[in-house]
Amino acid sequence: MAEIRVEHRPERRRYALLDGEKSIGAAHYRELETPGGIERVFFHTVVDEAYAGQGLAGKLASAALSDTVEQGHKIVPVCPYIKVYVTKHHEYDASLVKPTPEHLAILPKG
């Protein structure tokens, strides 16, 4: 196993979890521009089952959310994993925005 890292891929609107060059997970998002700034809506987080039980979903969430805050954006937790993660990691409290129908409308269908 190579070094596992998280890489932001804005052109694909995701944070990729990588084992070397192999993609093993991702945190997917969409962005909504508001008068108060960009709100990043996290709607799906996944880690390859072969890597389960290693805390990698937490590593992915931490990197994605911390980078979002560092960029000055707000976090809109829609993904079940991200919703639970932020309830346990209060360092993101000031950056959280409750999901609204407007946020949900920009998410992919299906």
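The model shown is predicted, which means the values in this text are computed figures rather than measured ones.
Atom CZ of Arg40 and atom CD1 of Ile75 lie 9.0 Å apart (nearest 0.5 Å). The line from CD1 of Ile24 to CD1 of Ile4 is 3.5 Å long, rounded to the nearest 0.5 Å. A distance of 11.5 Å separates OG of Ser95 from CD of Gln71, quoted to the nearest 0.5 Å. The CZ atom of Arg30 lies 14.0 Å from the NE2 atom of His103; values are rounded to the nearest 0.5 Å. Interatomic distance, Leu107 CG to His44 NE2, rounded to the nearest 0.5 Å: 12.0 Å. To the nearest 0.5 Å, the span separating CG on Asp67 from OG on Ser62 amounts to 10.5 Å.
Nearest approach of Ala64 to Ala27, heavy atoms of both residues: CB-CB, 4.4 Å.
Under a hydrophobic clustering in which Ile, Leu, Val, Met, Phe, Trp and Tyr are joined whenever their side-chain heavy atoms come within less than 4.5 Å, directly or via other members, Val69 and Tyr81 fall into the same cluster. Note on Phe42: it does not cluster hydrophobically with Val97, by side-chain heavy-atom contacts below 4.5 Å among ILVMFWY residues. Linking ILVMFWY side-chain heavy atoms closer than 4.5 Å, directly or via other members, places Leu104 and Val41 in a single hydrophobic cluster. In the hydrophobic clustering of this structure, Val46 does not group with Leu56; members are Ile, Leu, Val, Met, Phe, Trp, Tyr whose side-chain heavy atoms approach within less than 4.5 Å, directly or through other members.
The closest side-chain heavy-atom distance from Val86 to Leu96 is below 4.5 Å. Annotation: side chain of Phe43 is not in contact with side chain of Ile82 (no heavy-atom distance under 4.5 Å). With a 4.5 Å cut-off on side-chain heavy atoms, His28 and Thr45 do not count as touching.
If you check the side chains of His73 and Glu39, you find no donor sitting under 3.5 Å from an acceptor.
For Glu21 and Arg5, the salt-bridge test passes: some basic side-chain N is under 4.0 Å from an acidic carboxylate O. Under the 4.0 Å criterion applied to side-chain N and carboxylate O atoms, Arg9 and Glu11 are not assigned as salt-bridge partners.
Aromatic ring pairs are classed by plane angle as parallel below 30°, tilted from 30° to 60° and perpendicular above 60°; the pair Tyr85 and His89 is parallel.
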Passes side chain to side chain contact (heavy atoms under 4.5 Å, CB included), Tyr51 versus Asp19? Steps please. CA-CA 10 Å; Tyr51 292 81; Asp19 182 357; 2.6 Å; yes
Checking ring pair (Phe, Tyr, Trp, His ring centres under 6.0 Å) for the pair Tyr29/Tyr15: CA distance, chi angles, key distance, verdict? CA-CA 8 Å; Tyr29 66 84; Tyr15 286 84; 5.8 Å; yes
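Sequence neighbours left out, not one pair with a member in residues 69-97 passes salt bridge (charged side-chain N to carboxylate O under 4.0 Å, His left out).
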